[in-house]
Amino acid sequence: MCIRDRWYQRRVHGGIIIMLGQFQRRIASTSLSRGFASGVPIHTRIAVIGGGSAGLGVAAQLARKNNILRHDIRIFEPSKIHHYQPAYTMIGGGLANPKEAVRLTLGLIPKGIAVTPFAITSIDAQNNILTATDGSTYSYDQLVIAPGVRLDFDAVKGLREALNDDNEPVATIWDFRSAQKYSALRSGFGGGRAIFTSPIPPIKCLGAAQKIMYLSHDSWTRGRPVPKLSVNFFNAGPVLFPVKDYSEALTKLVNEKGINVNFGENLVEVRKGRVAVFENVNTKLKREEPFDILHVVPPHKPQEFLKQTPNLTDKAGYVDVDAGTLRHKVYPNIWSLGDTSNLPTSKTIAAITSQIPVLVENLSRVLEHRQEKNFVQYDGYTSCPIFVGNDKLMLCEFVYNCVRKETFSPFINQTKPNRLFFFLKRKIFPLVYWNLYNRGLWYGSRGIIPPRFS
């Protein structure tokens, strides 16, 4: 447990806990134990590892395919609670209530899809066999790998302890409980030196470190400003954003706000006495920086069990798939997307919503015995909606090679913050996620209009 229970707001879980009995009843209906005692693997036509945003979205759109029956799909997901992670930023920034970020997992998965409430511990890709944490085994025809990534709190010395300490002004919006802690720290900040960090990529949503910084700056400067304010951004990367036009716009923004930016500085330690230690990524020289409040983006790492399967991952541990088809480069019946994959694009839910229709279409074509030359291609589309304060947001959209591909550019200059984009991010996108996405009715930048593949 990363953050103390004190930071859970009880009202978030009151209603959810009452519904856990429903979880148990539906689990019982999925025939989990069939074949378990005999040791015979339970077979499923399409296995989906992970019931987070990527796995849920894939299963929901697979269920809408004419050549796939719902009982052909099985999701492996141990968590009873599903989190809408984009809401974490809004919780930390004071824009959203924690209740808006959570739902009961089984309430989101389309009925008829089998659910196994255990994590997968190993994949035998040669024999198409999965092993779960309870020792049960499952065979599959097609496999979608989407268990997400892990937050590596222990990669930064003293970070876990600081996050768990109620008396330390250290938090992160990458964790649900800690996002609530940060919200309290932000609203109670009495002034002084604020430090925000961003580690060496890859991480989920590269721009989120800046989102919470701008929202915090906005709350500290609106109305009666906090005294002796100094906002500092320590970024392990060389630029504010990988796309040049957006990076230039954000550089102008931090200059206007008076935010001090340090590039090539990676957080390596959080010490008692409110001291952060950074290491220069080029010179390896270390520097100590005092703070009065510290927001940390923890390093990310892939799931360890994936590395155990020969030729499944790249050297970094991410599932090695074709950047266009999302099909595995070695195992033709394995697919991956989202944070788990090594797709060379930003790891965001917007990217996932554009990857899902491509993966689902190509997998469906495999079931119809169509050749790979007829596969559709993912162009790397992703987006990063960056809160900049003053109820405005910059909507960054791009594809592979950091080429801009914008939805509203014929009408709006998307390098400039906009109140419409703020409204979409704050009000519309959560509604879409909880009401359309989980039903397989959301197709990324196309909205509710499904793509037409030739």
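FYI, side chains are in, hydrogens and waters are out, and symmetry mates aren't considered; it's all heavy atoms of this structure. Keep in mind the model is a prediction, meaning the values are calculated, not measured.
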Salt bridge (Lys or Arg N to Asp or Glu O under 4.0 Å) against Arg193, all qualifying residues, sequence neighbours excluded: Glu289
- prompt: Nearest 0.5 Å, what's the CZ-CG distance between Arg271 and Leu159?
  reply: 14.5 Å
Gly50 to Ile75 - nearest heavy-atom pair and separation: O-CG2, 3.9 Å
message: Check Asp391 with Arg222, please: is the shortest side-chain N to carboxylate O separation under 4.0 Å?
response: yes
field: Note, His295 side chain near Trp174 side chain (heavy atom, < 4.5 Å)
entry: yes
- line: Residues at least two apart in sequence or cross-chain that pass salt bridge (Lys or Arg N to Asp or Glu O under 4.0 Å) with Lys157, listed by chain then number, are none
Indicate every side-chain donor-acceptor pair of residues 354-363 with a distance under 3.5 Å to a residue at least two apart or in another chain.
| residue | atom | partner | partner atom | Å |
| --- | --- | --- | --- | --- |
| Gln355 | OE1 | Gly338 | N | 2.8 |
| Gln355 | NE2 | Tyr378 | OH | 3.3 |
| Glu361 | OE1 | Lys65 | NZ | 2.5 |
| Glu361 | OE2 | Arg365 | NE | 2.7 |
| Glu361 | OE2 | Arg365 | NH2 | 3.1 |
| Asn362 | OD1 | Val376 | N | 2.8 |
| Asn362 | ND2 | Thr325 | O | 3.2 |
| Asn362 | ND2 | Val358 | O | 3.4 |
| Asn362 | ND2 | Val376 | O | 3.1 |

Qualifying residues under salt bridge (Lys or Arg N to Asp or Glu O under 4.0 Å), relative to Arg452, sequence neighbours excluded: none
message: Working to the nearest 0.5 angstrom, can you tell me the gap between Thr172 OG1 and Tyr182 OH?
response: 10.5 Å
query: Heavy-atom count around Asn255 CG within 6.0 Å, excluding the residue itself: above 12?
result: yes
task: Please examine the side chains of Phe196 and Ser216, heavy atoms only from C-beta on, and report whether any two atoms are closer than 4.5 Å.
output: yes
- prompt: For the residue pair Phe189 and Trp220, does the interplanar ring angle fall in the parallel (under 30°), tilted (30 to 60°) or perpendicular (over 60°) class?
  reply: tilted
message: Less than 4.5 Å apart, side chain to side chain, heavy atoms only: is that true for Gln210 and Ser198?
response: no
query: Taking it one step at a time, do Asp152 and Asp154 satisfy side chain to side chain contact (heavy atoms under 4.5 Å, CB included)?
result: CA-CA 5 Å; Asp152 193 2; Asp154 295 322; 4.2 Å; yes
For Thr382, the option from Thr353, Thr345, Thr348 that meets side chain to side chain donor-acceptor pair (under 3.5 Å): Thr348
Check: Thr407/Glu397 side-chain N/O donor and acceptor closer than 3.5 Å: yes
- prompt: Where do Leu337 and Val321 land on the side chain to side chain contact (heavy atoms under 4.5 Å, CB included) test, with the steps shown first?
  reply: CA-CA 8 Å; Leu337 74 165; Val321 295; over 6 Å; no
- request: Sequence neighbours left out, what passes salt bridge (Lys or Arg N to Asp or Glu O under 4.0 Å) with Lys329? Give chain and number order.
  value: Asp320
field: Full working for side chain to side chain contact (heavy atoms under 4.5 Å, CB included) between Ser53 and Tyr437
entry: CA-CA 9 Å; Ser53 294; Tyr437 179 82; 4.1 Å; yes
- prompt: Is there a side-chain contact between Phe375 and Asp322, using heavy atoms and a 4.5 Å cut-off?
  reply: no
- prompt: Within a strict 4.5 Å, meaning less than it, do heavy atoms of the Asn418 and Phe408 side chains meet?
  reply: no
Minimal non-hydrogen separation, Val149 against Asp339, with atom names: CG1-O, 3.4 Å
- prompt: So, Glu265 and Asn235: side-chain donor and acceptor under 3.5 Å apart, yes or no?
  reply: no
statement: Taking every heavy atom of Ile195 against every heavy atom of Pro290, the minimum-distance pair comes out as CD1-O, 3.6 Å
Using residues 443-450 as the side-chain source, report each donor-acceptor pair under 3.5 Å to any protein atom, sequence neighbours left out, with the distance given to one decimal.
| residue | atom | partner | partner atom | Å |
| --- | --- | --- | --- | --- |
| Tyr443 | OH | Gly440 | O | 3.1 |
| Arg446 | NE | Ile449 | O | 3.1 |
| Arg446 | NH2 | Pro450 | O | 3.4 |

message: For the residue pair Arg426 and Phe387, would you count it as a cation-pi contact if the rule is NZ or CZ under 6.0 angstrom from the ring centre and within 45 degrees of the ring axis?
response: no
message: How long is the straight-line distance from CG of Leu108 back to CG of Leu56, given to the nearest 0.5 Å?
response: 6.0 Å
- request: Step by step, work out the side chain to side chain contact (heavy atoms under 4.5 Å, CB included) result for Ile386 and Cys396.
  value: CA-CA 7 Å; Ile386 300 179; Cys396 308; 4.0 Å; yes
statement: Residues at least two apart in sequence or cross-chain that pass ring pair (Phe, Tyr, Trp, His ring centres under 6.0 Å) with Tyr214, listed by chain then number, are none
query: Does the side chain of Tyr84 pick up a donor-acceptor pair with the side chain of Glu100 at under 3.5 Å?
result: no
statement: Here the pair of heavy atoms bringing Arg439 nearest to Ala60 is C-CB, 3.9 Å
message: To the nearest 0.5 Å, what is the distance between CG on Asp314 and CG on Asn342?
response: 4.5 Å
Flag, side chain of Asn266 to backbone of Asn280, donor-acceptor distance under 3.5 Å: no
message: List the residues meeting side chain to side chain donor-acceptor pair (under 3.5 Å) with Tyr88, not counting sequence neighbours, and say none if there are none.
response: His83
message: When you compare the side chain of Ile145 with that of Leu312, does any pair of heavy atoms fall below 4.5 Å?
response: yes
Residues that Glu256 engages under side chain to side chain donor-acceptor pair (under 3.5 Å), provided they are two or more places apart: none
field: Partners passing ring pair (Phe, Tyr, Trp, His ring centres under 6.0 Å) against Tyr318 (at least two apart in sequence or in another chain)
entry: none
query: How long is the span from the OG1 atom in Thr340 to the NZ atom in Lys347, to the nearest 0.5 Å?
result: 7.5 Å
- request: Begin from the C-alpha positions of Phe291 and Phe234 and carry the test ring pair (Phe, Tyr, Trp, His ring centres under 6.0 Å) through to its verdict.
  value: CA-CA 12 Å; Phe291 63 84; Phe234 285 79; over 10 Å; no
field: Sub-4.5 Å side-chain heavy-atom contact between Glu161 and Glu168
entry: no
task: State, to 0.1 Å, how close Gln142 and Trp335 come at their nearest heavy-atom pair, and which atoms those are.
output: OE1-NE1, 2.9 Å
Show the atom names and distances, to 0.1 Å, of all donor-acceptor pairs under 3.5 Å that link a side chain in residues 200-209 to residues at least two apart or in another chain.
| residue | atom | partner | partner atom | Å |
| --- | --- | --- | --- | --- |
| Lys204 | NZ | Gln85 | OE1 | 2.6 |

- prompt: Can you tell me how far the OH atom of Tyr246 sits from the CZ atom of Phe398, to the nearest 0.5 Å?
  reply: 8.0 Å
- request: Hey, can you tell me if Trp434 and His82 have their rings parallel, tilted or perpendicular (30° and 60° cut-offs)?
  value: perpendicular
field: Non-neighbouring partners of Lys405 that pass side chain to side chain donor-acceptor pair (under 3.5 Å), sequence neighbours left out
entry: Asp379
message: Contact between Pro385 and Leu395 at the side-chain level, heavy atoms closer than 4.5 Å - yes or no?
response: yes
task: Answer yes or no: is there a donor N or O on one side and an acceptor on the other, between the side chain of Thr313 and the main chain of Val319, under 3.5 Å?
output: no
statement: On a heavy-atom basis, the closest approach of Ser187 and Ala184 is OG-O, 3.1 Å
